[in-house]
Amino acid sequence: MSANSDQVVSHKYTASLAAEIELKWQSHWEDDKSFRALNPGDPGFSPEMPKFYCLDMFPYPSGEGLHVGHPEGYTGSDIISRFKLMKGCNVLHPMGFDAFGLPAEQYAVATNVHPAVTTAKATEVFRSQLKRFGFAYDWSREFSTTDPDYYRWTQWIWLKAYDSWFDQELQKARPISELVDGLDSGDIVIDEGPGWSEMNQQQRREYVDSRRLAYLGEQVVNWCPALGTVLANEEVIDGRSERGGHPVRRMSLRQWMFRIREYADRLLEDLSLIDWPESTRQMQTEWIGRSEGGELNFTLDSPVRDIESLEVFTTRPDTVFGATYMVVAPEHPLVEALLEVDGATDRFREYVMQARNRSDVDRMIESREKTGVDTGVFAINPATGQPIPVFVADYVLMGYGTGAIMAVPAHDARDHEFARTFGLDITRVVDGPGDVQEQAYTEPGVAMNSSNDDISLDGLGTDEACTRMLDWFERNGKGARRVNYRLRDWLFSRQRYWGEPFPIVFDEDGNHYPVSEEHLPVLLPEMDDFKPVESDTPMPPLGRATDWVATTAGEAGVSPDLLPPDTPVRRETNTMPNWAGSCWYYLRYIDPHNQERLVDPEAERYWMLSNRSGDGPSRTTAAGEDFDADQFHVGGVDLYVGGAEHAVLHLLYARFWHKILFDRGYVSTPEPVGRLFHQGMILAFAYQRDDKSLVPVDQVRQDEDESWVEIETGREVSQVVAKMSKSLRNVVNPDDVINEYGVDTLRLYLMYMGPLDATKPWNTRDIKGIHRFLQRVWRLAIDEESGAIVTIEQADEQVERMLHATIKKVDGDIPKLAFNTAIASMIELVNKATGPGMTSDQLSRFTRVLAPFAPHLAEEIWSRIGETGCISHAEFPSWDETMLASDQVEIPIQVKGKIKARILVASDADQETLERLALENEQIIAILDGNQPRKVIVVPGRMINIVP
RNA sequence: GCCGGUGUGGCGGAAUUGGCAGACGCGGUGGAUUCAAAAUCCACUUCCUGGCAACAGGAGUGCAGGUUCGAUUCCUGUCACCGGCACCA
């Protein structure tokens, strides 16, 4: 009893002591505003400090609370932020909440609890969980996308897009007023149809509306009955909704769209200028899907109603001579016209109806066998002059190109398959191996069978043949060069309650008028029933707020210049999609409380513009006229950390919005994010039976021989890695880990699991190792029994050397986000120092190295050894290269690449010395057996290789 | 089908430019400490063969080849897994 065991544990670094330390410093930091970032103009702001803007993808606060995947990325960015602070940067490291969206609304539909209530509660939970991690966020900049003060500016940006048109010549967005001025003055001429001067007021209005970047488009949309809303193409995967996997139907609706296609080239080109993961840049490239080719005109042998010809897009104009038939999509105008003309066969009608009604789900599930019907119409192949049949088939998509193709079965796999099914001619026009009657030859090659009275491609390579053919089409006015994109305009309306209302109203004639800026935000009306309105056509829930919807121009805030205040108007009842708020939140963090603007220009310039001489990303841009690419980086945010699941949608949309704002002069960089990093997914172990079915974790035990057994059956199961899921009961709750070990341990474990961008399994067993490491750190400074400081007076030489090496290693690894190896080197140091101990000067340096990773523990030791001030604002320690060099080094001697001996030599031993020493080595002499070596390769300081 | 990524001990993972494979952690084994245990500290721990042992020999970074004095690293082919796209003309 006298050897009091309680006393032993009383100063041990346990979960409870960790919690005590952590909560103490967290409240210190909060009281001292330790992580408040200063803007230009703030008292105490020093303009000479370099800036570092470090951004996390903000979370959607779900009712479930934080998942371990969240703090993984957040810890990584926190380490960089704290490191940059210690390096003397002014760091902007903010956090907020992306709180509009479907789950809260679905919950509201089910329970009638207002989404604002659900969201506020979930946000509260998230915030307190995040605070428990001790992240160095400037919480004074926090906001939620649902704050009226925030979405006011989301609406404002949408109005800017509404007030913009894209000038093809300048490749940039300009104010609508400049379009009108240009049309009035005749500087801008309308290509097709009646000229501006011949138009009446209504026609002019419609023309201008058709040019807006945010426009109202009649569009075949993806209607998801289960969600009661339409979805963007990007939100539909294999004919089902991205969220929830519900079936999606196609129908026509008038919806707000974004003219993102206008930016296709710029979005594509600028990808090469930013420091983003290759995979993400490639996904965006493919998403944009630029292809060069020609739009060619095929005349019908007799017109159908007013349709005299078909336009097709092709990337292989060199194969026109091989076009033996044509195909139009079921939604093509020619099909429409044929249905209205007598003579369309029943089979034709039936096929078209079936194809149109068929949902995308069915199209996907059905086999890929080509189906189609002959329209009975013939077109003239412009190259051969021969009549060729026109088919309708659903393998041609209305949404890509012109919705019609010339079919070249000899050189296109799909056309080949169709031609075989329907017994159509297959004519070879490109020379190459194989029999095109059996299989399409799709590679480039030398043209053949490709000549008429006017032109011959025979003997030309594909590239040259394409060029000649396009020249020929252009000369004859039968076609033109064209670039086509897979990217489609962005559908921006949702039939939901819990989103940003559009700041726009409609008069009785259906004309739309913007709400003027000073009347923003257009607030969501209070409602108590959130269900979508039952109707043949989708009706948004906001339609129920009849008092809100029916108003007057004056009430809604439409400028009296546009409409007399007492004009009755109806508000837009659609809302913006979830992406809206996340498209620009990084800008609002810069100046979150500004009531006058979305962001103060000076603050924006300070935080977004990086000098290329700094240590930011090294990519540069082709100089745009509005941007000095020689001096600045294209991207604004210095580091953006978040999941790869946002590689296309969020990150493409944000780039698009940013470019509009850039064109209109509201931001100073052409790209929002200079460097992007995706943290990997954290998986968990699960157990698999022989038949590959998975067994929940709690139904498995480990035998003494380490094998895993299903408890119920006693059968052996194998350990596999799977996504965390409730059904497998392998979801890790960060709160539990914090309770058991403290948050510094959790932070360190998350970073030590493996490379930050790798997908890796959570292994609860491994956390102990990291916890032990922190306990060792603690014991280096503190006596567990007495709580007294145990620093030594005289530094151990080897520990000192290793400390220098560790400082260098960590200093180099942090900017690379190679935290796992940085931690490994700290562990090595601490293992080395366990025993000899450290001086307080060594501890001062070591705790500063540790501080970005385990800030609370580091801060505690820092203060106990008598240092003052916040450790995260202390200078990151430096190292002395001369302390890294050792006098002697062990060098392996290889014979034919295999190590046979090792010698200890002076580390600066030169080539001759090493060769001599190697050949004098007894083992080597024995191996050589008196023979002269043919060759000796010596890499000083590394190795010696002898070839006998 | 196409594109991209990854394959290294029992497990998670290290390894600058082609130069000592397996750092570091987990797990395991042995020892110290303890009445005992936990905790802690120390040592060993890729596999195979031989040996009481120190040790000796061999194999080894998914697989099969190649380049090279030397390959986890570069090249060719191939397999598996993960992610993305998917009739895009």
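Lettering of chains follows the sequences in order, A, B, ..., and the numbering in each one begins at 1.
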Taking the minimum atom-to-atom distance to the side chain of [X], which one of [options] wins?
X: A:R486; options: B:G19, B:C85, B:G12; answer: B:C85
X: A:K900; options: B:C26, B:G13, B:G58; answer: B:G58
X: A:W287; options: B:G25, B:C85, B:C69; answer: B:C85
X: A:R902; options: B:C20, B:A89, B:G13; answer: B:C20
X: A:R765; options: B:A89, B:G27, B:G19; answer: B:G27
X: A:T821; options: B:G19, B:A14, B:G13; answer: B:A14
X: A:S279; options: B:G25, B:G4, B:A23; answer: B:G4
X: A:D766; options: B:G13, B:C3, B:C26; answer: B:C26
X: A:R779; options: B:G19, B:U40, B:G84; answer: B:U40
X: A:Q894; options: B:C20, B:C87, B:C11; answer: B:C20

Ignoring backbone atoms, establish whether [X] has a side-chain N or O less than 4.0 Å from OP1 or OP2 of [N].
X: A:R776; N: B:C41; result: yes
X: A:R281; N: B:C3; result: no
X: A:Y752; N: B:G25; result: no
X: A:S291; N: B:A89; result: yes

[N] [atom2] sits how many Å from [X] [atom1], rounded?
X: A:I893; N: B:G19; atom1: CD1; atom2: C1'; answer: 14 Å
X: A:K935; N: B:G70; atom1: NZ; atom2: P; answer: 9 Å
X: A:I823; N: B:C26; atom1: CD1; atom2: P; answer: 14 Å
X: A:K808; N: B:U16; atom1: NZ; atom2: P; answer: 14 Å
X: A:H678; N: B:C82; atom1: NE2; atom2: C1'; answer: 16 Å
X: A:M943; N: B:U68; atom1: CE; atom2: C1'; answer: 12 Å
X: A:N484; N: B:C87; atom1: CG; atom2: C1'; answer: 15 Å
X: A:W762; N: B:G25; atom1: CH2; atom2: P; answer: 19 Å

Would you mind classifying the nucleic acid contact of [X] as base, sugar-phosphate or nothing, using non-hydrogen atoms under 4.0 angstrom?
X: A:N945; answer: base
X: A:R934; answer: nothing
X: A:N820; answer: sugar-phosphate
X: A:R290; answer: nothing
X: A:M753; answer: sugar-phosphate
X: A:N831; answer: sugar-phosphate
X: A:I899; answer: sugar-phosphate
X: A:V939; answer: base
X: A:I405; answer: base
X: A:T402; answer: nothing

Among A:Q775, A:K12, A:R779, A:H11, side-chain hydrogen bond (donor to acceptor under 3.5 Å, both in side chains) partner for A:E784 =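 Among the candidates, only A:R779 passes.
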Compare every heavy atom of A:R942 with every heavy atom of A:P892, then report the nearest pair and how far apart it is.
->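 For A:P892 versus A:R942, the nearest heavy atoms are CD-O, 3.1 Å.
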Please name the pair of heavy atoms, one in A:T442 and one in A:H411, separated by the smallest distance, quoted to 0.1 Å.
->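 Reported closest heavy-atom pair: CG2-O, 3.5 Å.
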Is the shortest distance from a Lys or Arg side-chain nitrogen in A:K809 or A:E828 to a carboxylate oxygen in the other one below 4.0 Å?
->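 Here A:K809 does not pair with A:E828 in a salt bridge, since their nearest N and O are not under 4.0 Å apart.
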Pairing of A:R420 and A:E417 as salt bridge, 4.0 angstrom limit |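 Looking at A:E417 together with A:R420, the answer is no, because their closest N to O distance does not fall below 4.0 Å.
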Taking the [atom1] atom in each of [N] and [M], what is the distance between them to the nearest angstrom?
N: B:A80; M: B:C63; atom1: C1'; value: 10 Å
N: B:G10; M: B:G65; atom1: C1'; value: 31 Å
N: B:C11; M: B:G84; atom1: C1'; value: 29 Å
N: B:G66; M: B:U73; atom1: P; value: 14 Å
N: B:A86; M: B:A15; atom1: C1'; value: 39 Å
N: B:U67; M: B:U76; atom1: P; value: 15 Å
N: B:C24; M: B:U45; atom1: P; value: 11 Å
N: B:U46; M: B:U29; atom1: P; value: 16 Å

Based on Watson-Crick and G-U pairs with both distances under 3.5 Å, what dot-bracket line describes RNA chain B 5' to 3', crossing pairs as [ ] and inter-strand pairs as |?
-> (((((((..(((......[....)))((((((.......))))))(((((....)))))..(((((..]....))))))))))))....
Relative to the 5' end of RNA chain B, which residue comes earlier, A:R316 or A:R942, by the nucleotide with the nearest heavy atom?
->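 Closer to the 5' end of RNA chain B: A:R942.
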Select from A:D415 and A:P892 the residue whose nearest nucleotide in RNA chain B is closer to the 5' end of that strand.
->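 Going by which nucleotide is closer to the 5' end, it is A:P892.
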Between A:E286 and A:Q282, do the side chains contain an N or O donor and an N or O acceptor separated by less than 3.5 Å?
->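 Per modelled atom types, A:E286 and A:Q282 side chains form a pair under 3.5 Å.
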Should the pair A:K370 and A:F418 be classed as cation-pi, given the thresholds of under 6.0 Å to the six-membered ring centre and 45° from the axis?
->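 Verdict for A:F418: no cation-pi partner in A:K370.
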Around A:D910, counting heavy atoms of other residues, nucleotides and ligands shown, do more than 12 lie under 6.0 Å from its CG?
->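 Yes.
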With a cut-off of 6.0 Å (strictly less than), are more than 12 heavy atoms of other residues, nucleotides or ligands near CD of A:Q439?
->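 No, CD of A:Q439 has 12 or fewer neighbouring heavy atoms, counting only those of other groups under 6.0 Å.
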Using modelled atom types only, decide if a donor and an acceptor are shared between the side chain of A:Y749 and the backbone of A:T764 within a distance under 3.5 Å.
->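 No, because the side chain of A:Y749 does not come within donor-acceptor range (under 3.5 Å) of the backbone of A:T764.
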Rounded to the nearest 0.5 Å, how far apart are CG of A:L424 and CZ of A:F391?
->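 If I round to the nearest 0.5 Å, the distance is 4.5 Å.
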Mind telling me whether B:G13 is syn or anti, cutoff 90° either side of 0?
->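 Anti conformation for B:G13.
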